[in-house]
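Taking it in order: structure first as structure tokens, then the write-up.
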Amino acid sequence: MSLFKRLPKQLFFLLIVKPVVYLLLGLNIYNKQRLPSHGPAILAANHNSHLDTLVLMALYPLGQLHRVRPVAAADYFLRNRFTTWLSLNLIGIIPLDRQGQVDKEQVFEQCQQALADGQILLLFPEGSRGEAEELQPLRKGIYHLARSHAGTQVVPIAMHGLGRALPKGGSMIVPFNADVAIGEALSAEQECAPFMEQLQASLEGLLAACITRRDARWED
């Protein structure tokens, strides 16, 4: 992607997204050095809020944003002309049709191509937003995607607080401090069951650590 094409995305994150994320939410980030700077890689995060995608992308320097491709719900991000233009051109999503109108193999192929191009996919293995700060069972699609391209690392990320900052069904951001904890990269070069158990345990541990840190701050 040329610098000219990257510029609108960089300006969008510089002037709008990053100020909201870092100033309004007061984001606390743990182990940021574990974020992959290039792919093939998959960021596997819990999902409680429509803020999740923008917060995770805001963790990256402007010069690396073109490498990050969220796999996001088409029924939300492509719901009208404005959000469609913004989502495809400034966020760069790979749209996932949850209504069953588009062949999932097409989405899978786009994700495979992104990994082959050395990009970083952003996935929510729970599949949809759950209750605030509660982890749902994970779906196995992330394993098969990671296995589809050799050398793909899967980085678990737990977010805490965003489900309260912009809860499910909400339309206004509440200035509620949020935490992001980044785990150690996992490899899918193993059987599905142990990989999924490892990913689930990692996300649960990271989320528990976020809650412990928040409780400690309140006590202080």
Side-chain angles (χ1 to χ4, degrees), residues 1-3 5-6 9-10 13 17 29-47 52-74 77 87-98 102-128 135 138-159 180-203 205-206:
M1 182 183 294
S2 67
L3 180 60
K5 291 183 177 180
R6 296 179 195 173
K9 185 174 187 175
Q10 292 177 347
F13 275 84
V17 177
I29 308 168
Y30 302 100
N31 299 316
K32 188 176 180 179
Q33 75 279 2
R34 292 175 176 170
L35 278 176
S37 59
H38 57 80
I42 300 174
L43 307 183
N46 62 320
H47 194 22
D52 295 342
T53 297
L54 294 177
V55 165
L56 288 172
M57 293 186 71
L59 300 179
Y60 278 88
L62 296 176
Q64 294 180 3
L65 277 173
H66 65 283
R67 297 194 182 108
V68 185
R69 299 293 307 281
V71 181
F77 285 90
S87 299
L88 296 178
N89 294 282
L90 300 187
I91 301 177
I93 72 166
I94 296 175
L96 174 64
D97 179 17
R98 298 185 296 187
V102 177
D103 188 354
K104 290 185 178 179
E105 286 300 317
Q106 295 182 19
V107 179
F108 190 74
E109 289 174 4
Q110 291 184 65
C111 292
Q112 286 181 312
Q113 186 59 55
L115 292 175
D117 291 340
Q119 295 180 337
I120 302 165
L121 292 181
L122 196 169
L123 284 176
F124 301 109
E126 294 168 284
S128 61
L135 189 65
L138 308 182
R139 300 185 180 184
K140 299 177 182 178
I142 188 171
Y143 169 79
H144 298 292
L145 181 57
R147 288 273 293 187
S148 71
H149 193 82
T152 298
Q153 57 178 328
V154 179
V155 180
I157 301 179
M159 295 177 285
V180 177
I182 302 157
E184 295 184 2
L186 307 177
S187 171
E189 299 299 323
Q190 56 180 305
E191 296 300 319
C192 181
F195 171 82
M196 296 306 300
E197 291 173 2
Q198 192 175 7
L199 179 58
Q200 181 91 27
S202 180
L203 287 172
L206 291 169

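In plain terms, the two heavy atoms of Pro125 and Ala45 that are nearest each other are CD-O, 3.3 Å. Minimum interatomic distance between Ala181 and Leu206 (heavy atoms only, all atoms of both residues): O-CD1, 3.8 Å. A pairwise comparison of heavy atoms in Pro70 and Met57 identifies CG-SD, 3.5 Å as the closest pair. Of all non-hydrogen atoms in Tyr60 and Val68, the two that sit nearest each other are CD1-CG2, 3.8 Å. Shown here for Ala44 and Leu203, the closest heavy-atom pair between the two residues is O-CD2, 3.6 Å.
Counting heavy atoms from C-beta on, the side chains of Asn46 and Phe124 never come closer than 4.5 Å. You'll find the side chain of Leu122 stays beyond 4.5 Å of the side chain of Ile93, heavy atoms only. Using a 4.5 Å heavy-atom threshold, the side chains of Phe13 and Leu90 count as separate. Between Ile91 and Lys9, every side-chain heavy-atom pair lies at or beyond the 4.5 Å cut-off. Counting only heavy atoms from C-beta outward, the side chains of Ser148 and Gln112 approach each other to under 4.5 Å. Using a 4.5 Å heavy-atom threshold, the side chains of Ile157 and Leu35 count as touching. Ile120 is listed as a side-chain neighbour of Leu43, based on a closest heavy-atom distance under 4.5 Å.
Between the CD1 atom of Ile29 and the CE atom of Met159 there is a distance of 12.0 Å, given to the nearest 0.5 Å. Atom-to-atom distance recorded for Ile142:CD1 and Cys111:SG is 10.5 Å, nearest 0.5 angstrom. Gln64 CD to Arg6 CZ: the interatomic distance, rounded to the nearest 0.5 Å, is 10.5 Å.
Residues that satisfy the side-chain hydrogen bond (donor to acceptor under 3.5 Å, both in side chains) test with Arg147, not counting sequence neighbours, are Tyr143. Applying the side-chain hydrogen bond (donor to acceptor under 3.5 Å, both in side chains) test to Gln113 and every residue at least two apart in sequence or in another chain returns Asp117. Listed by chain and residue number, Pro40, Ile42, Leu115, Ala146, His149 satisfy the side-chain contact (heavy atoms from CB on, under 4.5 Å) test with Thr152 (two or more places apart in sequence, or in another chain). For Asn89, there are no side-chain hydrogen bond (donor to acceptor under 3.5 Å, both in side chains) partners, not counting sequence neighbours.
Panel note: side chain Glu126, backbone Leu138; no donor-acceptor pair is recorded below 3.5 Å.
Applying the salt bridge (Lys or Arg N to Asp or Glu O under 4.0 Å) definition to pairs two or more places apart or across chains, none involves residues 59-72.
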* Evaluate side chain to side chain contact (heavy atoms under 4.5 Å, CB included) for Val154 paired with Leu123, printing each intermediate quantity in order. => CA-CA 10 Å; Val154 179; Leu123 284 176; over 6 Å; no
Only pairs under 3.5 Å count here: list side-chain donor-acceptor contacts from residues 182-201, not counting sequence neighbours, and write none if there are none.
residue: Ser187; atom: OG; partner: Glu189; partner atom: N; Å: 3.1
residue: Gln190; atom: NE2; partner: Ser187; partner atom: O; Å: 3.1
residue: Gln190; atom: NE2; partner: Gln198; partner atom: OE1; Å: 3.1
residue: Gln200; atom: NE2; partner: Glu204; partner atom: OE2; Å: 3.2

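Within a 6.0 Å sphere centred on NZ of Lys140, heavy atoms belonging to other residues, nucleotides or ligands number 12 at most.
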